[in-house]
Amino acid sequence: MAELLRQRWESDPGAGLSRRDRLGCDYDAYLPDRLVGRTWRLDAATAADVAEAEVAISRLDREASALRGTEVLARILLRAESVASSRIEGLEVGGRRLLRAEAARGFGEPATDITAAEVLANIDAMVRATELVGVGDPITVASLLDVHRRLLTASHLEQHAGKLRTEQNWIGGSGYNPCSAAFVPPPPEAVPDLLEDLCAFCADDSLPAVAQAAIAHAQFETIHPFVDGNGRTGRALIHMLLRRRGLAAGVLPPVSLILATWSREYLAALSATHYVGPATSDEAQVATDSWVALFAAACTRACADAVDFEQRLETLRNDWLRRAGRVRADSTLERIVHLLPATPVLTVGSAAALAGRSLQATNQAINRLVDVGVLRQVTVGRRNRAFEAPEAIEAFVYLERRLASPAGDTMVSPPNRRVPHRP
């Protein structure tokens, strides 16, 4: 049974804080129900939403198969998902800025754009999440720690990377005590057992995958097991679970792009799942249905826009090949054109490695693409020569802007969160 645990906070009188921040207080930490062994009932409307979402995810996974040879769509959506996930956490960085920071990292240069470096770490963590779990593989506490370690590596909180918290944390209120917090997660001593229970729940296939992913994500955010990076790790868990269930084995639906747009509804629905009392209560049932329905709707919307984006990329690549003139099948130039949507900023060396061709052939192909206006030369880092595909970056911006619109159309409803300006 979910309950509130009355706890006592004693401040450090010698910490040099204001009188208000030095005050001790009683506060309530939330201890959620365990997930294993619970009976789950979704009402008819929610079950229909979940079924629709699963059809949409399967369709996205299936219809992206033409691009799976180079994993173009998967890599683009992964980058977009990571950017949106980071924006939920308050890290703001535009697509072009991120891509150039990624290229500079490829040159082995030290990170000078700290915000971009943290978002790149988020992408690394998402990549690691997809690598850790295959269809039918278990999700373990160790794998969650691994994702979190990657997420915080090279950040200012690196000392906490891959480690469960040993102190009480809280959300909202003062940064020095939980006295006025909006929500206080479970005490630190409860975290290991709750995470083990969560992972055991993830191994049970009795629920539809979308409903299971929604419930697992909500429970993870409730446990809040880390000092920082809980939101991003929790969203990586969504993809780990959908991949484990085989629903999104090849392409990741960019769910965080929608959750970032629906942030008010997202946070309100998560908060409602913090009921007190038995899991069989009407309050618990309504909260679970509302959250799962919102999550399923986000999946459906994300997939529909991703399918449209794939079609937009196909049109763009066909136009590039037309502009390049006569292009031999499987030539270096054709390979680079197919790589550009996923890697809009590249170097001769990185393009050669990705295309599997010589530096000389790659250089010739890039020069040809520059001549016809598909690529343009830019400088990244300290005088490093790179090339970017402006139209690919603009398509990426279009995706971000569209998914930031509540109605899915910026002409009808403008983006309701910070996104790059219209190209």
If you count every heavy atom of other residues, nucleotides or ligands that lies below 6.0 Å from D26 atom CG, does the total exceed 12? yes
Decide yes or no on salt bridge (charged side-chain N to carboxylate O under 4.0 Å, His left out) for R312 and D305, but give the supporting numbers first. CA-CA 10 Å; R312 179 177 293 270; D305 286 351; over 6 Å; no
For the pair F226 and H148, name the ring-plane relationship: parallel under 30°, tilted 30 to 60°, perpendicular over 60°. parallel
Does R243 come within less than 4.0 Å of D61, counting only side-chain N to carboxylate O? no
Side chain D197, main chain L35, donor-acceptor under 3.5 Å: yes
Can you see which heavy atom on C299 is nearest to which on V255, and at what distance? SG-CG2, 3.9 Å
What distance separates I57 CD1 from L247 CG, expressed to the nearest 0.5 Å? 4.5 Å
For the atom pair OG1 (T273) and CD (E283), what is the distance rounded to the nearest 0.5 Å? 10.5 Å
Side chain to side chain, V286 and Y275, heavy atoms closer than 4.5 Å: no
Angle between ring planes, F183 versus Y30, binned at 30° and 60°: parallel, tilted or perpendicular? tilted
Quick check against the 3.5 Å criterion: does S350 have a side-chain atom that pairs as donor or acceptor with the backbone of L346? no
Worked check of side-chain contact (heavy atoms from CB on, under 4.5 Å) between V348 and R385: CA-CA 9 Å; V348 173; R385 189 177 70 132; 3.8 Å; yes
For the student: nearest non-hydrogen atoms of R165 and H224, plus distance: NE-O, 2.6 Å
For the CZ atom on R264, are there more than 12 heavy atoms of other groups (residues, nucleotides or ligands in this structure) within a distance under 6.0 Å? no
Passes side-chain contact (heavy atoms from CB on, under 4.5 Å), F295 versus L270? Steps please. CA-CA 10 Å; F295 181 87; L270 280 182; over 6 Å; no
Side chains of R335 and T332 in contact at under 4.5 Å (non-hydrogen atoms): no
In terms of side-chain heavy atoms, does E391 have a donor or acceptor partner in W320 at a distance below 3.5 Å? yes
Looking at R41, I want to see if its CZ is surrounded by more than 12 non-hydrogen atoms of other residues, nucleotides or ligands under 6.0 Å. no
Check whether any side-chain heavy atom of P178 lies under 4.5 Å from a side-chain heavy atom of Q7, and answer yes or no. no
Has the side chain of W291 got a donor or acceptor atom that lies under 3.5 Å from a matching backbone atom of A214? yes
Euclidean distance, L4 CG relative to H274 NE2, rounded to 0.5 Å: 11.0 Å
If you look at every heavy atom in T300 and A53, which pair is closest and at what distance? OG1-CA, 3.2 Å
I need the single residue from N169, T166, L164 that forms a side-chain contact (heavy atoms from CB on, under 4.5 Å) with V191. Which is it? L164
Find out whether Y27 and Q168 are in side-chain contact, i.e. whether some heavy atom of one side chain is under 4.5 Å from a heavy atom of the other. yes
Of all the heavy-atom pairs spanning P278 and M1, show the shortest one and how long it is. N-CG, 3.4 Å
Is it the case that the side chain of R357 and the backbone of T362 share a donor-acceptor pair, with hydrogens and angles ignored and the cut-off at 3.5 Å? no
Between T288 and A284, is there a donor-acceptor pair closer than 3.5 Å when you use the side chain of the first and the backbone of the second? yes
N/O donor-acceptor pair under 3.5 Å between Q219 side chain and D33 backbone: yes
Does any part of the side chain of D228, heavy atoms only, come nearer than 4.5 Å to the side chain of H160, both counted from C-beta? no
Side-chain heavy atoms of V210 within contact of P208, under 4.5 Å: no
Is a donor on one side and an acceptor on the other found under 3.5 Å between the side chain of E388 and the backbone of R376? no
Taking the side chain as everything from C-beta on, heavy atoms only, tell me whether I215 gets closer than 4.5 Å to V292. yes
Closest approach of P138 and R244, non-hydrogen atoms and distance? CA-CD, 4.4 Å
Taking D289's backbone N and O only, do any of them form a donor-acceptor pair with D43's side chain (distance below 3.5 Å, no angle check)? no
What verdict does the side-chain contact (heavy atoms from CB on, under 4.5 Å) test give for I223 and N230, after you've listed the backbone C-alpha separation in whole Å, the side-chain angles of each residue and the deciding distance to 0.1 Å? CA-CA 9 Å; I223 299 169; N230 290 286; over 6 Å; no
First locate atom OG of S271, then atom CD of E221, and finally report the distance between them rounded to the nearest 0.5 Å. 12.5 Å
Tell me if a side-chain donor or acceptor on E52 pairs with a main-chain N or O of A296 at a distance below 3.5 Å. no
Do F387 and V345 make a side-chain contact, defined as non-hydrogen atoms from C-beta onward lying under 4.5 Å apart? no
Within this structure, what is the CZ-CG distance for the pair R34 and D193, rounded to the nearest 0.5 Å? 6.0 Å
So W9 and W170, would you call those rings parallel, tilted or perpendicular, with 30° and 60° as cut-offs? perpendicular
Is the number of heavy atoms from other residues, nucleotides or ligands under 6.0 Å of E189 CD greater than 12? yes
Test L375 against L340 for side-chain contact (heavy atoms from CB on, under 4.5 Å), laying out the working first. CA-CA 9 Å; L375 292 175; L340 281 181; 3.7 Å; yes
Heavy-atom nearest pair, S143 first then M240, reads OG-CE, 3.8 Å
Separation between OG1 (T233) and CZ (R149), nearest 0.5 Å, reads 11.5 Å
Could you tell me whether a side-chain N or O of T46 sits under 3.5 Å from a main-chain N or O of L42, the two making a donor and an acceptor? no
